[in-house]
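One structure is given here, and the rest of the page talks about it.
Chain A is the first sequence line, chain B the second, and so forth, proteins listed ahead of strands; every chain is numbered from 1. As the structure is a prediction and not an experimental result, all values here were calculated from the model.
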Protein chains: 2
Amino acid sequence: MNKPTGLRALKKERTRDAIGDAAVSLFLEHGFDHVSVNDVAAAAEISKPTLFRYFHTKEDLVLHRFADHQGEAARVVRDCGSGIKPVTALHRHFRAGLDRHDPVTGLNDHPEVMAFHRLVFTTPSLAGRLTQYQLKDEEALADAFGEGIRARLRAAQVLAVQRVLARTNWQRIADGRTAHDVHPEAVADADQAFGQLR
Amino acid sequence: MNKPTGLRALKKERTRDAIGDAAVSLFLEHGFDHVSVNDVAAAAEISKPTLFRYFHTKEDLVLHRFADHQGEAARVVRDCGSGIKPVTALHRHFRAGLDRHDPVTGLNDHPEVMAFHRLVFTTPSLAGRLTQYQLKDEEALADAFGEGIRARLRAAQVLAVQRVLARTNWQRIADGRTAHDVHPEAVADADQAFGQLR
DNA sequence: GTTACTAGGTTAAAAAAGCAACTCGGTAAC
DNA sequence: GTTACCGAGTTGCTTTTTTAACCTAGTAAC
């Protein structure tokens with residue numbers, strides 16, 4: 001279950017990181033639409049076909065950081081065993097994210113992270129593609145819940161809650177407050193929201 | 001006549017440098033015989049076959065710095081035109097090497113260069129392989145001089161002179177003197193040695 | 001005196017990267 | 001309105017690298 005070691009895997013990972021870092025760095029500096037994939041490839045010192053072997057679309061150059069969390073909710077539900085309710089497991093998982101100021105919870109005030117979020121939400125093509133990722137996430141979570149319309153509805157509600165919570169936190173941070181300052185409210189909001197899910 | 005640009009050439013050059021630097025660094029630290037080619041490959045983060053595609057033998061990992069000067073003497077003779085005597089051109093070329101403290105003249109007191117020379121001359125297999133390089137150099141120079149036994153003799157004498165001069169300079173530096181201090185004597189020795197060649 | 005290990009060096013197949021040329025949609029020039 | 005250009009993404013071919021397996025010579029164990 002561990003990722004394969006060796007030179008091949010090592011260099012692939014490095015190349016992927018180099019491309020992603022170069023892309024985000026350029027996009028933050030000049031804006032998503034003012035940087036071509038050729039520019040990114042040149043900055044990462046790889047060829048254009050190689051770039052598209054690592055990232056299927058230009059948007060993925062930015063969104064792979066979300067894609068890394070793909071299916072996380074579904075995994076939490078599958079791994080929680082039978083002794084504990086799925087929603088409780090998801091609640092605890094989100095709470096843990098808040099505590100470590102995970103960027104996906106919106107509760108992170110690092111300038112780089114904030115700039116990154118602004119980039120995603122103010123660039124239409126990026127925001128659009130992000131919702132596609134969220135849809136896949138929702139399907140996976142629904143499958144983890146079971147089958148039928150009820151599983152789908154619950155999955156949709158859980159992810160809607162998480163989106164709203166993250167967005168709210170992000171807004172507070174954007175208003176100039178620190179993550180540390182916002183943390184208690186974020187936890188209270190999460191408690192209330194997940195409580196209402198039951 | 002310029003080397004081709006592009007990602008391929010760029011990365012080849014970097015890989016070659018990485019291997020060479022890793023090798024010399026390890027050899028200087030632990031000794032040539034106490035470092036395996038596997039160690040070098042691991043340090044340079046490349047596989048063993050790749051290492052041998054860049055350097056034919058373990059010795060070449062060290063001696064490529066001399067190999068870069070391969071055929072230099074022959075080139076000087078070929079390029080000197082008919083208006084100037086070959087020996088004079090070689091003399092001037094060696095003199096220029098002294099002036100810029102080229103390591104091949106022995107007149108260089110950088111600690112790294114000195115350690116490198118000591119490594120080569122105190123490791124039998126390296127010293128042996130170095131003479132093979134010098135033999136090829138001698139053949140090339142002989143061809144540049146012309147044909148027959150006279151050309152070969154002249155080539156052998158010229159290179160013998162250069163070897164003795166370099167070795168003498170190196171010995172003076174090894175005795176603790178600076179390259180700057182030794183320079184006048186080195187020039188005088190060269191003048192005398194090349195003068196006698198005519 | 002076999003056995004086994006190490007180190008230098010090679011081989012063959014498969015993965016990955018580079019390169020150039022291409023498609024396709026948009027858009028600016030004239 | 002065609003011509004030309006630019007940017008996203010693709011395709012086919014070549015070069016480079018990894019991988020694992022092998023060869024050979026030396027050498028230490030027992």
Side-chain angles (χ1 to χ4, degrees), chain A residues 2-20 22-24 26-27 29-64 67 123-130 132, chain B residues 2-20 22-24 26-27 30-64 67 119 123-130 132:
Chain A
N2 234 353
K3 55 193 66 174
T5 176
L7 289 170
R8 201 120 73 187
L10 171 75
K11 292 180 180 179
K12 267 178 91 165
E13 202 178 324
R14 274 198 201 148
T15 301
R16 195 181 169 83
D17 288 349
I19 301 173
V24 170
L26 283 176
F27 291 155
E29 188 177 0
H30 302 112
F32 185 75
D33 295 321
H34 294 75
V35 176
S36 73
V37 293
N38 286 297
D39 297 334
V40 176
E45 295 187 322
I46 47 114
S47 68
K48 195 164 58 155
T50 298
L51 186 153
F52 281 108
R53 249 177 248 127
Y54 280 89
F55 299 93
H56 287 25
T57 69
K58 186 184 181 184
E59 285 76 25
D60 288 339
L61 286 168
V62 177
L63 299 179
H64 71 277
T123 306
S125 57
L126 286 177
R129 180 107 173 123
L130 181 56
Q132 292 185 11
Chain B
N2 233 355
K3 55 194 64 175
T5 177
L7 289 170
R8 209 122 68 180
L10 172 76
K11 293 179 179 178
K12 267 177 90 164
E13 202 177 327
R14 275 198 201 148
T15 301
R16 195 181 169 82
D17 287 349
I19 302 174
V24 171
L26 283 176
F27 291 155
H30 302 111
F32 185 75
D33 295 321
H34 294 75
V35 176
S36 73
V37 293
N38 284 298
D39 296 334
V40 175
E45 295 185 323
I46 48 114
S47 67
K48 196 164 58 156
T50 299
L51 185 152
F52 281 108
R53 275 182 9 84
Y54 281 90
F55 300 92
H56 286 28
T57 67
K58 186 184 181 184
E59 285 75 26
D60 287 340
L61 286 166
V62 177
L63 298 179
H64 71 278
L119 174 70
T123 306
S125 57
L126 286 176
R129 180 106 173 124
L130 181 57
Q132 292 184 14

Separation of [N] [atom2] from [X] [atom1] (nearest whole Å):
X: A:Ile46; N: D:dG9; atom1: CD1; atom2: P; answer: 14 Å
X: B:Arg129; N: C:dG8; atom1: CZ; atom2: P; answer: 15 Å
X: B:Glu45; N: D:dT19; atom1: CD; atom2: P; answer: 12 Å
X: A:Phe52; N: D:dG7; atom1: CZ; atom2: P; answer: 12 Å
X: B:Glu13; N: D:dT15; atom1: CD; atom2: P; answer: 20 Å
X: B:Leu51; N: C:dG9; atom1: CG; atom2: P; answer: 9 Å
X: A:Asp33; N: C:dG26; atom1: CG; atom2: P; answer: 15 Å
X: B:Glu59; N: C:dA7; atom1: CD; atom2: P; answer: 15 Å

Fill in: Test item: A:Arg129 side-chain N/O and A:Leu63 main-chain N/O as donor-acceptor pair under 3.5 Å
no
Discussion item. Run the side-chain contact (heavy atoms from CB on, under 4.5 Å) test on B:Leu119 and B:Leu126 for me, step by step, so that the C-alpha distance in whole Å, both residues' side-chain angles and the decisive distance to 0.1 Å come before the verdict.
Written reply: CA-CA 8 Å; B:Leu119 174 70; B:Leu126 286 176; 4.2 Å; yes
Item to complete: Have a look at B:Asp60 and tell me which of B:Lys58, B:His64, B:His56 forms a side-chain contact (heavy atoms from CB on, under 4.5 Å) with it.
Response: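 Answer to the side-chain contact (heavy atoms from CB on, under 4.5 Å) test with B:Asp60 among B:Lys58, B:His64, B:His56: B:His56.
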Between [X] and [N], is there a contact of a side-chain N or O with OP1 or OP2 at under 4.0 Å?
X: A:Ser36; N: D:dG7; answer: no
X: B:Arg53; N: D:dT17; answer: yes
X: B:Ser47; N: D:dT19; answer: no
X: A:Lys48; N: C:dC19; answer: no
X: A:Tyr54; N: C:dA16; answer: no

Worksheet item: Start at the 5' end of DNA chain D and walk down; is the nucleotide closest to A:Val35 or to A:Leu7 reached first?
Response: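 The 5'-side residue here is A:Val35.
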Fill in: Per B:Thr57 side chain, nearest of listed nucleotides C:dG9, D:dT16, D:dA8
C:dG9
Practice prompt. Decide yes or no on side-chain contact (heavy atoms from CB on, under 4.5 Å) for B:Glu45 and A:Arg14, but give the supporting numbers first.
Written response: CA-CA 12 Å; B:Glu45 295 185 323; A:Arg14 274 198 201 148; 2.9 Å; yes
Fill in: Rounded distance [0.5 Å steps], CD in B:Glu13 versus OG1 in B:Thr15
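Between B:Glu13 CD and B:Thr15 OG1, I get 10.0 Å after rounding to 0.5 Å.
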Worksheet item: Is a donor-acceptor contact shorter than 3.5 angstrom present between the side chain of A:Lys58 and the base of D:dG7?
Response: no
Worksheet entry | Nearest-nucleotide comparison on DNA chain C, the residue closer to the 5′ end among B:Pro49 and B:Val37 | B:Val37
Worksheet item: Of A:Lys12 and B:Arg8, whose closest DNA chain C nucleotide lies nearer the 5' terminus?
Response: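 Nearest nucleotide further toward 5': that of A:Lys12.
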